[in-house]
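These numbers were taken from a predicted model, which means no experiment stands behind them.
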Amino acid sequence: MKNIKEEERLSLLNHSCAHLLAQAVKHLYPHALFWVGPVIEEGFYYDIDLGDEVLTEEDLPKIEKEMKKLAKDGKRIVRQELSKEEALSMFQNDPYKLDLIERMDEENQVISCYTQGDFTDLCRGPHVDTVKELKHFKLLKVSGAYWKGDAKNKVLQRVYGICFDTEEELNAHLTFLEEAKKRDHRKLGRELDLFMISDYGPGFPFFLPKGMILRNILENFWYEEHTKEGYEFIKTPIMLSRELWEVSGHWENYRENMYTSSIDEKEFAIKPMNCPGGMLVYKNSLHSYKELPIRCGELGQVHRHEASGALNGLFRVRTFTQDDAHIFMREDQIEEEIIRLISFIDRVYHIFGLEYDIELSTRPEDKFIGTIESWNKNEAILQEACHKAGRDCKINPGDGAFYGPKLDFHIRDSLGRVWQCGTIQLDSNLPERFDLTYVDKDGTKKRPIMLHRVIFGSIERFIGILIEHYAGAFPLWLSPVQVNVIPVNVEYHLDYAKEVYSSLKALGFRVELDERNEKLGYKMRDANMKKVPISLILGAKEQEEGTISYRMRGSEETVTVSKDEFIHFLQEQVLAKK
């Protein structure tokens, strides 16, 4: 999937198409007022105030028709630079544009507008030369959005769209969107009985039995792989006192996202991050330079207050489990530890068939702790370690955490969509704030350097990504149900089916027995819809010979083998995580 914002030509087209949308809306709804119409990764949108009139998906073709008519007319798009006074005069009847203009710094910002035919919009640009270039577009959806993203403000109507240079590119993108729609983890989560969201807890997902199987497999896999890498494991409390969050800097820098409560007349906060608890665990005992690095892992549940409009299935929730680890080390161990981590993360993603790119996120402009010198030094260390690990990293300026720079791992799923999951954050600030020390070989106390890191990022979000990556058709080792046992005729073959079912169950495989008195074809189709990897078809021949006939998901080929051969095949597939 293309990132429209990052491709200059596509960004230009989509920005211009947002103006074409606004012009068409103004023709059809003369009372319409407009807030902003930016380019986004997926195309563009425009926030519109239509008063009491509400747009629906059914209105989009009508707007598209007007847009095509305007594009065919081929008006040039003309830029004009304005003084603040001229801009205020030009948009005097538009409260939204006046708000934008009033907040502009006339000395450092050029105020400009763009005109196409009878429509003028306040905009920095740039744009295409003429609306004739905007032929291949599609309006995708309409939703509500608070003005300025503030829930206290009026709800505007947000119309989304996409624009390309050619019809072929547009059609390919629309086909991609249809495929993505089929893979929507919220839809598949319901159909496959994996998770649910209740009105009693918006943003707080409930995992159903099959979803818990999937979750437990992932968590067990996480523990196994981390044990191989020499990690120890801890569990820290969900709620801790305000004083701790003041020491960590979260109270000052992250307070608006934290849930708080009062206990025994003291203020407490539910943890939005696991790090401060990890600091307390380290401080619990004395440490020698010989012990370092200490690799400490925690599957820790955190809570963060997210705006209701931002909640999205498992992708954006208010509680989630971070697969956190904190690595405490000497300065001479930093590079080696980061290289080792990159290799570890690479191995994990490879198992799921996920490609990835790495971004180095540097010091934020304002909200950060520590000295600029330490930030510069740590950024250089991360970049060098990345190169020595054989990976390139793109610089993402100003997007570091408030306590340190980081390497962000952007994975690509089977549709080419990009998700930010893993991260390695180099932090010399929190060890300072918490006064962490170790005893060096000369007997003096030294400050350890710390790495924060996650691989999944969040168990919940990673499950959502995997659902869409696999379109719900999980590989055998991950699938909540691995084998579906189907007797051809329940009256004659059920006993043998039960025998096979019990044998597989006893060996630890996740098996279901379909005892329904339905036709074989119906049961097979149902197993396929439920994305079960393997279906066993057991009839008279199998019963007589003690064999097993099976079909792999999506295949029409039936394979017959002995019971032992089938069990060996299953064990081999699960062990190899194929």
Next item on the list: Check whether any side-chain heavy atom of L174 sits under 4.5 Å from a side-chain heavy atom of L140, and report yes or no.
Entry: yes
Check: Looking at F137, is K68 sitting on its ring face, NZ or CZ under 6.0 Å from the six-membered ring centre and within 45 degrees of the normal?
Finding: yes
Next item on the list: Just jot down the side chain to side chain contact (heavy atoms under 4.5 Å, CB included) partners of R316, sequence neighbours excluded, or say none.
Entry: E306, A310, N312
Next item on the list: Could you pull out all residues at least two apart from R190 that satisfy side chain to side chain contact (heavy atoms under 4.5 Å, CB included)?
Entry: R186, K187
Notebook entry, point to check: In terms of heavy-atom contacts, does CD of E57 have more than 12 from other residues, nucleotides or ligands at under 6.0 Å?
Noted result: yes
Notebook entry, point to check: Does some side-chain heavy atom of M67 sit less than 4.5 Å from a side-chain heavy atom of L139?
Noted result: yes
Notebook entry, point to check: Do H27 and D118 have side-chain N/O donor and acceptor atoms under 3.5 Å apart?
Noted result: yes
Next item on the list: Apply the side chain to side chain donor-acceptor pair (under 3.5 Å) test between E359 and each candidate in Q420, K406, H410; give the one that qualifies.
Entry: H410
Next item on the list: Taking the side chain as every heavy atom from C-beta outward, state whether T423 and L407 have any atom pair closer than 4.5 Å.
Entry: no
Checklist line | Greater than 12 external heavy atoms within 6.0 Å of K138's NZ | finding: no
Margin query: Please check if the number of heavy atoms outside K132 that lie under 6.0 Å from its NZ is greater than 12.
Written below: no
Item checked: Qualifying ring-ring contact (aromatic ring centres under 6.0 Å, His included) pairs, either residue in residues 412-431, two or more places apart -> F315-W419
Margin query: Could you measure the distance from the CG atom of L280 to the CZ atom of F434? Nearest 0.5 Å is fine.
Written below: 6.0 Å
Margin query: Less than 4.0 angstrom from a charged side-chain N to a carboxylate O is my criterion; do R363 and E379 meet it?
Written below: no
Next item on the list: Give, for atom NE2 of H15 and atom CG of L10, the distance between the pair rounded to the nearest 0.5 Å.
Entry: 14.5 Å
Item checked: Centroid-centroid distance, F462 to F352, less than 6.0 Å -> yes
Margin query: I'd like to know whether CD of E365 has more than 12 heavy-atom contacts from other residues, nucleotides or ligands below 6.0 angstrom.
Written below: no
Checklist line | side-chain hydrogen bond (donor to acceptor under 3.5 Å, both in side chains) contacts in which one or both residues fall within residues 71-81, not counting sequence neighbours | finding: D73-K75, R79-E81, R79-S112, R79-Y114
Notebook entry, point to check: Taking NZ, NE, NH1 and NH2 as the nitrogens, is one of them in K62 or E66 under 4.0 Å from a carboxylate oxygen of the other?
Noted result: no
Item checked: Polar contact flag, side-chain donor to acceptor under 3.5 angstrom, S83-E85 -> no
Note to self: With a 4.5 Å cut-off on side-chain heavy atoms, are E102 and L88 touching?
What the structure shows: yes
Margin query: Taking ring pair (Phe, Tyr, Trp, His ring centres under 6.0 Å) as the definition, give me every residue that meets it alongside Y46, ordered by chain and number, with sequence neighbours left out.
Written below: F34
Checklist line | Basic-acidic side-chain contact under 4.0 Å: K97, D121 | finding: yes
Next item on the list: Salt-bridge test for R183 and E179: reply yes if a basic N is under 4.0 Å from a carboxylate O, no otherwise.
Entry: yes
Checklist line | D165 and R9 ion-paired at < 4.0 Å | finding: yes
Next item on the list: Take E219 and R215 through the salt bridge (charged side-chain N to carboxylate O under 4.0 Å, His left out) test and state the conclusion after the steps.
Entry: CA-CA 6 Å; E219 291 190 0; R215 185 185 177 115; 3.1 Å; yes
Note to self: Quick check with a 6.0 Å cut-off and a 45 degree axis cone: is R242 positioned over the face of W245's six-membered ring?
What the structure shows: no
Checklist line | E256 CD: over 12 foreign heavy atoms closer than 6.0 Å | finding: yes
Check: Can you list the residues that meet the salt bridge (charged side-chain N to carboxylate O under 4.0 Å, His left out) rule with E53, with sequence neighbours excluded?
Finding: none
